[in-house]
Structure formats: structure tokens, C-alpha cells
Amino acid sequence: MDQDSRIFVAGHRGLVGSAILRRLSEQGHTNLVFRTRAELDLTDQAAVRAFFDREKIDYVFLAAAKVGGILANDRMGADFIRENLLIQTNAIDAAWRAGVKKLLFLGSSCLYPKHAEQPLREEALLTGEMEPSNKPYAIAKIAGITMCQAYRRQYGFNAISAMPSNLYGPGDNFDPEGSHVLPGLIRRFHDAKMAGAPSVTLWGTGTPRREFLYVDDMADACLHLMRTYDDPEIVNVGPGTEIAIAELAQMIKRTVGYEGTLEHDLTKPDGHPRKVMEVSRLFATGWRPRVELEEGVRRTYEWFLEKVAPTLAATRQAAE
Ligand code: GDP
């Protein structure tokens, strides 16, 4: 990837896509192409082919996808499988036809079998039953990975796939019910601090262990893989460190500056006792994450204070 290569970031408004765009700009890339959904509908095959024919793209970061939490996945499986299959099939095929040099596709740690051994190794893919609630999403994404591998084998197309772990950072979803634990707790500690509430409730026992990768580190890993990795096998992208939920909660409490106590709601599920990725394949390429969890939480809270908190305060005032 040269400084003046023409680079298309699909999904540039999403959590990962926006971080990839930021990172590319920081590193001096200026020949960047991105389109909103209104400008280019990736589920429209003719439009996607016309776009690639016209734009003469060299590199593609395929970060566009329909994503959502457990509830959305459970209720809208048809949308998840259709949209993801269409987006990735159109983009991968049109990119190859138009002579794109290389494409990076993004999978997810939730594609691995439900009972796969921890830490999750790349070889575990397709070795067992997956979690039923996100099966339509997972099957679509696995089709995308397989498509990258098949286009490489049959057509010599340099398409690679990365599997991100739990990501967090600016642009995250802070909805108290629908979000993942890290942004969810930032929101709850913040709300409790503003309301002067005496305690904050943590779901479950706090003993499950998870890993969290700051989204700018994810973006950095994507650029690194685009520059250095040309193999058909998927690559896990994670921090290589893990933390218990209770410890994470203490860290977020400190960062937010909340002084009350912590309680546990044991009627809420703990979920998997441990969910982490084996990252030796990635680390063998020389890449390491840079943003420590505490620093990442601090930056995420700052972003929340700037972009999300003002709207929440306005809504609260309007309700009063
Ligand atoms: P998971 O990694 O797929 O289990 O997704 P989550 O990020 O939703 O949950 C991770 C762990 O954090 C689980 O053990 C939850 O019970 C626990 N947890 C504690 N408090 C919260 C919270 O406020 N929101 C969420 N989403 N999880 C929480």
C-alpha cells in the first residue's frame, strides 16, 4: 500500500470503518474513497460494479456490515443473513473484477463454535455448533471468509480476513440495555454520578473474563495486515490480555469519578465464563496493541462526554 494508493473504506461511518479512515489519514494517505449508504447501496450489485469500474480502487477495507447485539440478531435473522451476504458478495466480486490489488474482510469472534476451547484459535472455525442466536449473521460472515479464500485459490485475488475481538472506543453504542458491557457500564456510572445515585448495579457475578481491544488499535492492525499479510488463513485480532468484569467495573468507576457502591444483579446472566482470542498468529507478524485498557476507557469516556452526554442531558431536561 503506497502513500498515494487509492483506498476504499466501505462502512466508514461504523465503529471500525471510521477508525480505519482516521488511521489512514493520520498516516498521510490522501487518496481515500468512502460513500454513505445513500450514495452507494452495497446491497445493489449493479451499483457496486459500476462504482468499482469507475473508481479504479487499489485497496479495499470491507468494514461495512449489518451488526447488532443479541436481541437484534435473534429477532432479525433474515435481515442479518441477507444484507451481509449481499454486501460482501457484491463488494468482493466487483473488487476482483475491477482489478483491486487487495481486500481485507472482517469477521468476528462470534463466528467460532459456541463450545470451542479458550483462548479461541483460528483453527477452531467450523469445528462445532455455533451460538443459535447469531447463526444467520455468523453463517453469512463465514461465507465471506470462504469466498475470500476461494477467490484467492481460483483467481489469485489477494483477499484476507481478520477476526476482531470485543472492540470499544469512540463511536460505540452506549444504550443501557442493548450495549456491550464496557460502554454499558460507562453509561451507567455516568448516569449514577449525575443523578447522585448511591449505587450502581453490575449484571451477574463479575467473575467472567473478557478481552477488550481499543478500536484505533483494531484499525492499526487492519493497516498492518493490509501491508504485511497475504495468506488465505484468517487472523485473530485481539489485545492478548484479559480482565474480570468486576475489575473492569472498578476501572470504569475510577475513570468516571463515581463515588457510590457497586451491587450485583444475580438475576442477569453471566454468559460465557471466559471469552478470549489466541493471538500468536498476529503477534508473530510483529504487531502489538498500543492503547492500554485504562487509557482506552479514559478516551472513550471523554468522547462520551463530548458527543453523547449533552444529548442525554437535553433529553432529561425535556422530560422534567
Ligand atoms: P458477551 O461478551 O457476549 O457476554 O457480552 P457482554 O459485553 O454483553 O457481557 C459481558 C459480561 O459482562 C457478562 O458476564 C455480563 O453479565 C457482564 N455485565 C455486567 N454488567 C453489564 C452491563 O451493564 N451490560 C452488559 N452488556 N453486560 C454486563
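Counting starts at 1 for both ligands and their atoms, following the listed order.
- Looking at Arg82 and Pro136, their side chains never come closer than 4.5 Å, going by heavy atoms from C-beta outward.
- The option with the heavy atom closest to atom 17 (C) of ligand 1, from among Phe212, Trp203, Phe189, is Trp203.
- Of all protein heavy atoms, the one closest to atom 3 (O) of ligand 1 is Lys275 NZ, 2.8 Å.
- Salt bridge present: Arg298 and Glu302 bring a charged side-chain N and a carboxylate O closer than 4.0 Å.
- The shortest contact between atom 6 (P) of ligand 1 and any protein heavy atom is with His180 ND1, 3.7 Å.
- Among all protein heavy atoms, the one lying closest to atom 14 (O) of ligand 1 is Asp270 O, 2.5 Å.
- Here the protein heavy atom with the shortest distance to atom 23 (O) of ligand 1 is Arg188 NH1, 2.7 Å.
- In the hydrophobic clustering of this structure, Leu24 groups with Leu15; members are Ile, Leu, Val, Met, Phe, Trp, Tyr whose side-chain heavy atoms approach within less than 4.5 Å, directly or through other members.
- By the side-chain hydrogen bond (donor to acceptor under 3.5 Å, both in side chains) test, Tyr301 pairs with His190, sequence neighbours left out.
- Arg97 meets the side-chain hydrogen bond (donor to acceptor under 3.5 Å, both in side chains) test with Asp93; sequence neighbours excluded.
- When all heavy atoms of Leu62 and Ala10 are compared, the closest pair comes out as CD1-CB, 3.8 Å.
- Near Pro208, meaning under 4.0 Å from one of its heavy atoms, ligand 1 places the atoms 14 (O).
- Comparing heavy-atom distances from atom 15 (C) of ligand 1 across Pro269, Pro273, Pro183, Gly204 singles out Pro269 as nearest.
- An N or O contact shorter than 3.5 Å is missing between Gly184 and ligand 1 by distance.
- When non-hydrogen atoms are compared, ligand 1 lies under 4.0 Å from neither the backbone nor the side chain of Leu182.
- Considering only heavy atoms from C-beta on, Asn90 stays 4.5 Å or farther from Leu42 through its side chain.
- Here Val181 has heavy atoms under 4.0 Å from ligand 1 in both its backbone and its side chain.
- The backbone N or O of Arg274 sits less than 3.5 Å from a side-chain atom of His272, completing a donor-acceptor pair.
- Residue contact check for ligand 1: Ser179 places a non-hydrogen atom closer than 4.0 Å to it.
- Not a single heavy atom of Lys268 lies less than 4.0 angstrom from ligand 1.
- Against a heavy-atom cut-off of under 4.0 Å, Leu202 is close to the following atoms of ligand 1: 19 (C), 20 (N).
- Aromatic ring centres of Phe34 and Phe8 lie farther apart than the 6.0 Å criterion allows.
- Selection from Arg210, Arg187, His272 by nearest heavy atom to atom 4 (O) of ligand 1 gives Arg210.
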